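Just so it is clear, the structure is predicted and the values come from calculations on it, not from any experiment. As a basis for the values below, the full set of heavy atoms in this structure was taken, side chains included, without hydrogen atoms, waters or symmetry mates.
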Amino acid sequence: MPNNLFKIEHISKVFSDGTVAIDDVSLDLQKNKVYVIIGPSGSGKSTLLRTLNLMEKPTHGHLFKDDQDITSKTYPIEKHREKVGMVFQNFNLFPHMTVLDNINSAQMHVLKRSIKEATQVSMGLLEQVGLLEKVNHYPNQLSGGQKQRIAIARALSMHPEVMLFDEPTSALDPEMIGEVLSVMKNLAQSGMTMIVVTHEMGFAKAFADEIIVMDKGKVIEQGSPNVIFNQPKEARTSAFLKSVLNPL
């Protein structure tokens, strides 16, 4: 199908200690959709996400992007990562750089933009995430929510085809979660392709085109938010959702 972005074929990931993080997963992920991956801790969600930009290389199976096998030894990984934005749980900002320099850096070094061009892009993105006034601040002068919004702006500065979010709100204080989700909601509404690992079920319900449920390294079911939340097929899905939606 021409709208396919990623085609995952029988991917497994076994770590050196014998831990099976991903167990024979196959998925088709299409452009201009929002996918949310949910499931209990240790189910392989983040590992699967990290294989999509080859931070983790599969032990078995093949992964295709735009019909090219990115698990091939000859595939240019760095070129691939330019098009796949990644936002981590713990921000990964450079502490010695200002907000502006953090966002400018990859644009200038990887995309070879001039400082003027990079700054123009960065300032537009800072306005988009509501942090224009923080342009000359350093990361240690920012709240967790502000750091994560800067991390999102930095990833967007590369004009990626897809944004990967690895539990982007899990390290934040509760009152800061909303400001990050607001930026993500705006991205979802703009048509950005997003693949999100999260425990934020409200975001999943409202903005996912498709929800993928994982357990013990396997995809146990997938479907629309309406199906997954209201008519799950698997008892394990029901138990997981009950635990996160009604924890007491």
What are the two closest non-hydrogen atoms of M214 and V219, and how far apart are they?
CG-CG2, 4.1 Å

K31/E161 ion pair, N-O < 4.0 Å:
no

Partner of I195 under side chain to side chain contact (heavy atoms under 4.5 Å, CB included), chosen from D166, L164, V84
L164

Side chains of S224 and D209, donor plus acceptor under 3.5 Å:
no

Would you call I228 and I212 a side-chain contact if the rule is heavy atoms closer than 4.5 Å?
no

With side chains defined as the heavy atoms from C-beta onward, is the minimum distance between I38 and L241 less than 4.5 Å?
yes

V213 side chain reached by Q222 side chain, heavy atoms, under 4.5 Å:
no

Closest approach of M97 and N102, non-hydrogen atoms and distance?
O-ND2, 3.2 Å

Is any side-chain heavy atom of H137 closer than 4.5 Å to a side-chain heavy atom of T98?
no

Nearest non-hydrogen partners of N226 and N230, listed with the distance
OD1-ND2, 2.7 Å

Using ring pair (Phe, Tyr, Trp, His ring centres under 6.0 Å) as the criterion, list what pairs up with F15, not counting sequence neighbours.
none

Run L156 and M192 through side-chain contact (heavy atoms from CB on, under 4.5 Å) and show every step you take.
CA-CA 10 Å; L156 289 172; M192 169 65 75; 3.8 Å; yes

Give the intermediate values and the outcome of side-chain contact (heavy atoms from CB on, under 4.5 Å) for residues E167 and S46.
CA-CA 8 Å; E167 302 204 23; S46 291; 4.3 Å; yes

Does E9 offer a backbone N or O that forms a donor-acceptor pair with the side chain of S26 under 3.5 Å?
no

Can you confirm whether the side chains of T47 and E56 place a donor and an acceptor under 3.5 Å from each other?
no

Polar side-chain atom of K45 near backbone of T198 as donor-acceptor pair, under 3.5 Å:
no

In terms of side-chain heavy atoms, does Q107 have a donor or acceptor partner in S122 at a distance below 3.5 Å?
yes

State, yes or no, whether a side-chain contact exists between R149 and F91 at a heavy-atom distance under 4.5 Å.
no

Given side chains that start at C-beta, do those of K65 and Q68 come closer than 4.5 Å, heavy atoms only?
no

Parallel, tilted or perpendicular: rings of H80 and F6 (30°, 60°):
perpendicular

Residues F165 and L49: closest non-hydrogen pair is O-CD2, 3.4 Å

